[in-house]
Amino acid sequence: MLEILLPDDRTSFEAGEVIEVTASWSLETPADVVELRLLWNTVGKGDRNLSVEKFWKYEQPLNRDRVTETIQLPAAPYSFSGKLVSLVWAFELIALPGGNSTRREIVLSPDAQEILLTSQSGDDE
Amino acid sequence: MVSIEPCPGFCPARHNPFASEHLRKIRYRFLNHSLTSLLNRFEILNRRAAIVGPQGHGKTTLQKELADAITSATSVRTYWVKLREGDRKIPRTVLDELFSQAGEFDLICVDGAEQLSWWNWKKFLRQLGKEQGCLITSHRAGLLPTLTQCTTSLSLLSDLVTELASAPDAAQQKELEAIYNRHRGDIRQSIRELYDRCSDGLWNVSRTDVTM
């Protein structure tokens, strides 16, 4: 079992905010490495883009452990959604080899709210 | 200009069940054959065969499924050449790298082989090792013996919509039929149209667990 714990179970954060993230795992088979990643990816009608912005590697991990990292969230890009594409930030925790993983999506923007690009905004112009 | 309030009928891309992200996870549906029967036939054809069919009929999905099955059951490795519209030749550097790496019994998959000119296709075939397998997709038959002809159906589209979003109601089923016919059985284009309809709020999804 892999788990990512966010402060106060929040999933929305301001860009650049400093937060504590806890990665905890309980593995049935030993892993060579457990990796916590902070990444963004796009999702929508077209091909997926993905960028791992930060990562933390725990080599030769215990089968059961818990690590807390103090992380400054990036300043950009912001989480946004339009009809054609969304940009989604997430923490992922993965055990290798084997690839057991878990993912928690977060929102990252100046006011901690996803920016919505709607056709209404275009109509107003 | 940016709005932070969702407008009626607006479906953000990340909630759209027809996003390409979700499509990639869908596995090939065997309509006329089973995976085993196709693998057997591939062996009978001396591991050189073509998956034939029009655009959006599942050729590439089936090719990947077969290649995965072959590599997971044997020590064979798979090498991929993906050709796009207008790729009349495989660049020399790609060919050199491919044939320097591929082992004697490995499998070379060419997706979109019909794009190659006749001359370049023959040249590619000549370079294949005697025991190397070759599984291609093509819009037309005749490049290699046909392994199978991919077909689609309205019920297949309906099944995929059910898996991706929710079971279509009677009105949606009629819409699906129109979309399917408009795209002449091209499932990819049909689902792209459904993406647009969903993003405009014109296709209601009753299921709520479609977020990424």
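All values derive from a computational prediction rather than experimental measurement.
- By the neighbour-count criterion of 12 heavy atoms within 6.0 Å, atom CZ of Arg66(A) is sparsely surrounded, having that number or fewer from other residues, nucleotides or ligands.
- Between the side chain of Tyr195(B) and the backbone N or O of Gly44(A) there is no donor-acceptor pair closer than 3.5 Å.
- To the nearest 0.5 Å, the span separating OG1 on Thr42(A) from CD on Glu21(B) amounts to 8.0 Å.
- In Arg182(B), the CZ atom is crowded: over 12 heavy atoms of neighbouring residues, nucleotides or ligands sit closer than 6.0 Å.
- Scanning all heavy atoms of the two residues, the minimum distance from Ala19(B) to Val43(A) falls at CB-CG2, 4.0 Å.
- Within the 4.5 Å cutoff, side-chain heavy atoms of Asp196(B) are placed close to those of Lys45(A).
- Within 6.0 Å of CZ in Arg24(B) there are more than 12 heavy atoms belonging to other residues, nucleotides or ligands.
- For Ser86(A) (side chain) and Arg14(B) (main-chain N/O), a donor-acceptor pair under 3.5 Å exists by modelled atom type.
- Within 6.0 Å of the NZ atom in Lys174(B), the count of heavy atoms belonging to other residues, nucleotides or ligands does not exceed 12.
- Residue-environment remark: CD (Glu85(B)) stays at or below the threshold of 12 foreign heavy atoms within 6.0 Å.
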